[in-house]
Amino acid sequence: MTGPETQKPSPDNAQNSGPSNFIEELIEDDLRTGKWDGRVQTRFPPEPNGYLHIGHAKSICLNFGLAEKYGGKCNLRFDDTNPTKEEQEYVDAIRSDVRWLGFGWDDREFFASDYFDQLYQWALQLIRGGMAYVCDLSNDQVREYRGTLTKPGVESPYRNRSIEENLQLFERMRAGEFPDGSRTLRAKIDMASPNLNMRDPVLYRILHAHHHRSGDKWCIYPMYDFTHGQSDSIERITHSICTLEFENHRPLYDWFCDTLGIYHPQQIEFARLNLTYTMMSKRRLLELVREKKVRGWDDPRMPTIQGIRRRGYTPEAVREFCRRIGVTKFDGVTDIALLEHCLREDLNRRSLRVMGVLRPLRVVIDNYPAGECDHLEAVNNPEDPSAGTRTVPFSRELYIEQDDFREDPPKKYYRLAPGQEVRLRYGYFITCRSVVKDDKGQVVEVHCTYDPATRGGNAPDGRKVKGTIHWVSAEHALPVEVRLYDHLFMKEDPDEVDGAGLDWRSNLNPNSLEVVSPCYVEPSLAGAAPGGHYQFERLGYFNVDKDSTASQLVFNRTVTLKDTWAKIEKRETA
RNA sequence: UGGCCCUUGGUGUAACGGUAGCACGACUGACUCUGGAUCAGUUAGUCUAGGUUCAAAUCCUAGAGGGCCAGCCA
């Protein structure tokens, strides 16, 4: 997959379209006043402790999109300050996901861990300035001393050590003389601040852990707050965009930049993406994988980039979705129907049409000669004439969808039923004459006659049929496996639980995956490459899964087509 | 009972003191060799109470509702 690099400056473009959210307004103000000398420098700063999901896509589109729109740059920075959770596997996946979405970062790939030396120097500077101290309080004690939301904290008894002692102790922490958790380096700010983040926050903790990049060089690691702003500062970020939960951290972000006297970017917070029927927490997604509730990070039911990609989503659809949801400070919930709308819109434009039968019902055309075969012309994509046409084989025995036949049709059902005539897509008009049932009374075969004059689907006498159904020639059909997906959770809000003692897991949809096999598809699909997008006419969009083998194709149903009939039927039965 | 932030149709958003608009969804209808796509239309909104103003979704005050914060996670 080739991703375009960050695009060339397009300020004129920006002028024309105008700001489309509060962050763009702010940037345009800065551009007008020359606050950053006309620069726009953003960054996307994931922690490599899990796979990226659709929520991250919002942030990626925002940060890289802003850089594109205003002729700036966006860095990819891995925020890797916690060696116990971070792995190379995640770094690789993140790179590939950002590229898949269509963004590039040239050589601007950074790691917070590359700044560890500088961060250490800045810690020394704080100590020398009397703004930081080594604290011997235990984890539990620190919590007690911190106070509560309504009660001010109490100063640590180690708060007023001499600069010399702090320097020595901190050096010994770095040298590995103390066990994990025995000491921390803390900033000396204000234990009575109503903002708990300002109550002498921990800067460094002791962690004798192997880091995925720095190896065993360090046994003390900086905290997020002591790392993020300074990393932004080093990279000369202008607009440091993060999600709402970091709002309370902004005073601390500002305090470090100001106290250290270094370049000071502006932190701006926006609302993260929430989607109905979807769980976005990285921790819980990890649990789904570990507890084998799904088949892996790239399970097509997962909201991960890798999951939706495997499911058959396109980067264009995801980017359009991100454009449409906008950027605000309101923490709302977006209807997943909007995502699916953007998906269908893109897939409708690009997908080749084919015919495939998910739940086969045998049809015999009694007046069609056995052993004969006809080749009928079919349009590949009515939305794109340049996609051309193909030929589909027709013969005496066919498969149609079980749903497309009813022995006792409800009203307004214009598919196949005894005595009723329908059009076979691109084929002939056929009329149902009789049915064959098994011992249980199930219809297992439908006998029809066809009208040879309607070849191609048109009646020379101008008569109309209400229904057109899809089909495949039994003799020529390819048996394939199809995986049908539904929402992973049964409730719009997976956290809304039915009873005491239950958690979000109780809302997992037991029917989120249905494997159907054998299904039959037209022979033109032979050799279809993994990742290919197809529309199975009247059913939905399907994507060739990587589990496909030379002997059997596997399809994921990306999303169904809108189904008016299903809606009508549902309403009538309700 | 602390601090910070937020509140516009069912949902997501626009309106920058001057006609509340767009999209998704839902519902009609037209068209159709996909009950698809497309097209046309309908539905439905400024959290509440005060105040400022000729004029308030917008500014001010109070209230209500919601989110975040008491990791040596990010």
Side-chain angles (χ1 to χ4, degrees), chain A residues 20-21 25 45-47 49 79-82 84-86 135 137-139 142-144 146-153 180-186 193-199 201-207 220-221 223-225 227-228 242-251 269 271 276 282-283 324-342 344-345 348-349 353 355 378-379 382-383 412-415 423-427 429 454 456-459 464-470 492 535-540 560-569:
Chain A
S20 63
N21 59 56
E25 276 176 29
E47 181 189 10
N49 69 340
D79 215 339
D80 56 349
T81 57
N82 185 350
T84 65
K85 290 186 176 163
E86 296 145 7
C135 181
L137 255 25
S138 72
N139 202 324
V142 169
R143 191 184 317 121
E144 285 163 24
R146 185 158 33 224
T148 69
L149 296 176
T150 50
K151 281 209 316 276
D180 287 4
S182 59
R183 284 183 166 81
T184 55
L185 182 73
R186 301 176 67 182
S193 171
N195 182 343
L196 303 226
N197 293 124
M198 302 300 274
R199 320 242 263 228
V202 170
L203 271 35
Y204 270 89
R205 74 284 214 188
I206 302 173
L207 237 35
I220 56 171
Y221 290 92
M223 299 289 291
Y224 165 85
D225 285 309
T227 305
H228 203 92
C242 61
T243 44
L244 252 28
E245 66 269 29
F246 291 101
E247 234 163 356
N248 295 331
H249 293 249
R250 179 154 29 95
E269 309 86 14
T276 55
K282 258 187 185 181
R283 206 192 81 242
R324 289 209 203 186
I325 56 178
V327 178
T328 67
K329 299 194 69 152
F330 178 66
D331 186 24
V333 184
T334 298
D335 191 338
I336 198 164
L338 180 58
L339 211 212
E340 292 173 344
H341 168 81
C342 295
R344 290 192 181 100
E345 188 176 59
N348 177 50
R349 270 193 296 262
R353 270 63 170 174
M355 290 195 285
V379 174
E383 307 294 321
K412 289 205 252 175
Y413 182 85
Y414 16 97
R415 278 115 95 147
R423 173 189 293 111
L424 294 177
R425 178 81 158 150
Y426 300 124
F429 288 8
T454 57
N458 299 300
K464 303 285 186 198
V465 290
K466 286 170 287 186
T468 299
I469 64 175
H470 59 278
E492 282 198 14
Q535 183 197 99
F536 287 10
E537 294 217 23
R538 302 207 305 132
L539 296 177
T560 61
L561 244 26
K562 284 208 276 187
D563 190 345
T564 309
W565 169 247
K567 202 183 285 182
I568 293 170
E569 208 175 26

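A note on names: the letters A, B, ... follow the listed sequences, proteins ahead of strands, and every chain is numbered from 1.
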Over all atoms of both residues, closest heavy-atom pair of [X] and [Y]:
| X | Y | answer |
| --- | --- | --- |
| A/Lys562 | A/Arg344 | N-NE, 4.0 Å |
| A/His249 | A/Asp225 | ND1-OD1, 2.8 Å |
| A/Arg353 | A/Pro382 | NE-CD, 3.7 Å |
| A/Thr81 | A/Arg205 | O-NH1, 3.4 Å |

Choosing from [options], which nucleotide comes nearest the side chain of [X]?
| X | options | result |
| --- | --- | --- |
| A/Ala337 | B/rC73, B/rA70, B/rG25 | B/rG25 |
| A/Thr184 | B/rC72, B/rC73, B/rC24 | B/rC72 |
| A/Asp563 | B/rG25, B/rU34, B/rG35 | B/rG35 |
| A/Lys567 | B/rG36, B/rC5, B/rA26 | B/rA26 |

Reckon [X] has a side-chain N or O less than 4.0 Å from the OP1 or OP2 of [N]?
| X | N | answer |
| --- | --- | --- |
| A/Thr328 | B/rU13 | yes |
| A/Arg205 | B/rG71 | no |
| A/Lys412 | B/rG35 | no |
| A/Arg186 | B/rC72 | no |
| A/Lys329 | B/rC68 | no |
| A/Arg344 | B/rG25 | no |
| A/His470 | B/rU34 | no |
| A/Thr81 | B/rA74 | yes |

Nearest-Å distance once atom [atom1] is located in both [N] and [M]:
| N | M | atom1 | answer |
| --- | --- | --- | --- |
| B/rC54 | B/rG2 | P | 38 Å |
| B/rA20 | B/rC47 | P | 15 Å |
| B/rU34 | B/rU46 | C1' | 42 Å |
| B/rU11 | B/rG50 | C1' | 31 Å |
| B/rA70 | B/rA62 | C1' | 29 Å |
| B/rG25 | B/rU61 | P | 41 Å |
| B/rG17 | B/rU58 | C1' | 7 Å |

Could you tell me whether [X] and [Y] have a side-chain N and a carboxylate O separated by less than 4.0 Å?
| X | Y | value |
| --- | --- | --- |
| A/Glu47 | A/Lys85 | no |
| A/Glu345 | A/Arg324 | yes |
| A/Glu569 | A/Lys412 | no |

Under the rule syn = chi within 90° of 0, otherwise anti, which is B/rG10? anti
Under 4.0 angstrom, heavy atoms only, what part of the nucleic acid is [X] near: base, sugar-phosphate, or nothing?
| X | answer |
| --- | --- |
| A/Leu149 | base |
| A/Tyr221 | nothing |
| A/His228 | nothing |
| A/Arg423 | base |
| A/Val333 | sugar-phosphate |
| A/Ser138 | base |
| A/Arg146 | sugar-phosphate |
| A/Tyr414 | base |
| A/Leu137 | base |

[X] [atom1] to [N] [atom2], straight-line distance once rounded to whole Å:
| X | N | atom1 | atom2 | answer |
| --- | --- | --- | --- | --- |
| A/Asn348 | B/rU34 | CG | P | 13 Å |
| A/Lys466 | B/rU34 | NZ | P | 16 Å |
| A/Leu561 | B/rU38 | CG | C1' | 13 Å |
| A/Tyr413 | B/rG35 | OH | C1' | 11 Å |
| A/Leu207 | B/rG71 | CG | C1' | 12 Å |
| A/Phe330 | B/rG45 | CZ | P | 18 Å |
| A/Arg143 | B/rG71 | CZ | C1' | 8 Å |
| A/Asn458 | B/rU34 | CG | P | 11 Å |

Return yes if a side-chain donor-acceptor contact under 3.5 Å exists between A/Ser193 and A/Asn195, otherwise no. no
hbond_proxy [X] side chain to [N] base (donor-acceptor, 3.5 Å cutoff):
| X | N | answer |
| --- | --- | --- |
| A/Asp331 | B/rG66 | no |
| A/Arg415 | B/rG35 | yes |
| A/Arg353 | B/rU34 | yes |
| A/Asn197 | B/rC69 | no |
| A/Glu340 | B/rG25 | no |

Contacts of A/Ala566 and A/Ser20 projected onto RNA chain B by closest heavy atom; the upstream (5') one is A/Ser20
The residue, A/Ile469 or A/Ala271, whose nearest nucleotide of RNA chain B is more 5′ is A/Ala271
Is the base of B/rA74 stacked against the aromatic ring of A/Tyr224, taking ring centres under 5.5 Å apart and planes under 30° as the test?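 Not stacked: fails the 5.5 Å / 30° test.
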Out of A/Arg143, A/Arg183, A/Arg186, A/Arg146, which residue meets the side chain to side chain contact (heavy atoms under 4.5 Å, CB included) rule with A/Leu137?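 For A/Leu137, the side chain to side chain contact (heavy atoms under 4.5 Å, CB included) check succeeds only for A/Arg186.
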